[in-house]
Amino acid sequence: MQYWLMKSEPEEYSIDDLAAEDDLSTYWDGIRNYQARNFMRDGMKIGDQALFYHSSCKVPGVTGIAEIVSEAYPDHTAFDAGDKHFDAKSDPENPRWLMVDIKLVRKLNRIIALSELREHASQMDGFRLLQRGNRLSLFPVEKRHWDYILNLE
DNA sequence: GCCAACGTTGGC
DNA sequence: GCCAACGTTGGC
């Protein structure tokens with residue numbers, strides 16, 4: 001089993017939005033970065049778990065745990081000219097962008113803020129979120145980092 | 001709103 | 001293939 005971190009802007013889609021879904025699950029659309037897509041395509045497996053991270057907000061940080069509940073499949077929002085994530089270069093016959101389905105495992109009891117994680121930098125070496133210029137919205141997390149972060153809760 | 005970092009695009 | 005211009009991300 002592999003661990004991941006997935007970023008979302010809470011104003012777009014928050015952990016509470018996920019918690020409010022009937023079946024606690026949604027499709028993770030809008031990935032438009034090749035490296036992130038390749039992680040979904042080549043690395044994600046059903047049953048993997050992900051830290052749900054809030055970005056571009058007042059208190060950026062880890063807010064919950066989600067489970068990957070599908071393999072990667074074509075992101076249909078790329079074909080919809082009315083969609084924010086429309087990409088004219090993604091051909092339905094040969095889709096450029098993919099998505100997966102995720103399901104809420106649980107909300108954390110509290111937000112583990114980015115600022116708090118930085119205070120533990122010595123234990124977090126190699127954790128991509130804290131690395132300079134990190135912009136990837138989706139990346140693998142080592143088990144030792146996963147365990148350490150959740151032990152902060 | 002600012003700006004550093006980084007990915008993508010497109011002319012040559 | 002190089003690289004300047006441009007767009008996006010995301011913390012602060």
Side-chain angles (χ1 to χ4, degrees), chain A residues 2-21 26-44 48-68 72-102 104-142 144-153:
Chain A
Q2 174 73 54
Y3 298 98
W4 304 92
L5 183 144
M6 301 169 89
K7 295 181 186 173
S8 186
E9 299 186 16
E11 288 187 17
E12 295 289 324
Y13 194 91
S14 74
I15 191 76
D16 288 320
D17 291 324
L18 184 58
E21 302 281 1
T26 190
Y27 53 83
W28 196 257
D29 66 314
I31 295 289
R32 298 291 180 269
N33 170 282
Y34 290 105
Q35 200 176 350
R37 179 205 65 184
N38 293 347
F39 280 139
M40 285 197 293
R41 186 189 61 196
D42 305 330
M44 279 190 164
D48 285 358
Q49 293 203 330
L51 298 172
F52 194 107
Y53 177 85
H54 281 179
S55 68
S56 292
C57 58
K58 204 164 182 183
V59 184
V62 177
T63 57
I65 300 172
E67 182 176 339
I68 311 305
Y73 62 100
D75 181 343
H76 61 80
T77 65
F79 312 136
D80 177 359
D83 192 280
K84 178 181 178 184
H85 300 294
F86 174 64
D87 180 357
K89 293 176 189 159
S90 186
D91 174 3
E93 297 299 315
N94 183 23
R96 175 180 293 199
W97 304 117
L98 303 173
M99 61 186 179
V100 295
D101 293 343
I102 63 169
L104 181 69
V105 173
R106 67 181 181 91
K107 277 182 67 173
L108 298 191
N109 297 321
R110 65 183 188 88
I111 297 177
I112 301 174
L114 176 62
S115 58
E116 181 176 352
L117 293 176
R118 288 197 193 287
E119 293 170 9
H120 297 270
S122 57
Q123 283 88 1
M124 289 286 110
D125 68 300
F127 185 53
R128 301 176 83 122
L129 190 70
L130 302 184
Q131 289 173 355
R132 210 169 63 107
N134 157 67
R135 288 172 44 190
L136 260 187
S137 56
L138 163 66
F139 54 83
V141 174
E142 294 175 42
R144 64 190 175 103
H145 292 144
W146 176 276
D147 290 339
Y148 189 84
I149 292 166
L150 292 178
N151 279 332
L152 294 175
E153 184 186 9

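Sequence lines set the chain letters: A, B, ... in the order given, protein chains first and strands last, and positions in each chain run from 1. All of these numbers come straight from a predicted model, not from anything done at the bench.
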Could you list by number each residue of residues 130-137 of chain A showing a heavy-atom separation from DNA chain B of less than 4.0 Å, or answer none if no residue does?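 Close to the strand are A:Arg132, A:Gly133, A:Arg135.
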Look at the aromatic rings of A:Trp28 and A:Phe52 and report parallel, tilted or perpendicular, splitting at 30° and 60°.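 Aromatic pair A:Trp28/A:Phe52 classed perpendicular.
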Please work out which of the three classes, parallel, tilted or perpendicular, describes the rings of A:Tyr27 and A:His76, given edges at 30° and 60°.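 A:His76 and A:Tyr27: perpendicular rings.
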Considering only heavy atoms of chain A and a distance under 4.0 Å, specify the first and last nucleotide of DNA chain B in 5' to 3' order that meet this criterion.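 For DNA chain B, the relevant span reads B:dA5 to B:dT9.
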Can you give the donor-acceptor pairs under 3.5 Å from side chains of residues 10-19 of chain A to other protein atoms, not counting sequence neighbours?
from	atom 1	to	atom 2	distance (Å)
A:Glu12	OE1	A:Lys84	NZ	3.4
A:Glu12	OE2	A:Lys84	NZ	3.1
A:Tyr13	OH	A:Glu21	OE2	2.6
A:Ser14	OG	A:Asp16	N	3.2
A:Ser14	OG	A:Asp17	N	3.1
A:Ser14	OG	A:Asp17	OD2	3.4
A:Asp16	OD1	A:Lys107	NZ	2.8
A:Asp17	OD2	A:Ser14	N	2.8

Hey, are A:Thr77 and A:Arg32 close enough side-chain-wise for a donor-acceptor pair under 3.5 Å?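 There is such a pair between these side chains.
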Are A:Trp146 and A:Phe127 close enough that their ring centres sit under 6.0 Å apart?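 Not under 6.0 Å, so no.
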I'd like to know if A:Arg110 and A:Glu116 make a salt bridge, using a cut-off of under 4.0 Å between side-chain N and carboxylate O.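 So A:Arg110 pairs with A:Glu116 through a salt bridge.
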Apply the test ring pair (Phe, Tyr, Trp, His ring centres under 6.0 Å) to residues A:Phe86 and A:Trp97: give CA-CA distance (whole Å), side-chain angles for both, the deciding distance (0.1 Å), then the verdict. CA-CA 10 Å; A:Phe86 174 64; A:Trp97 304 117; over 10 Å; no
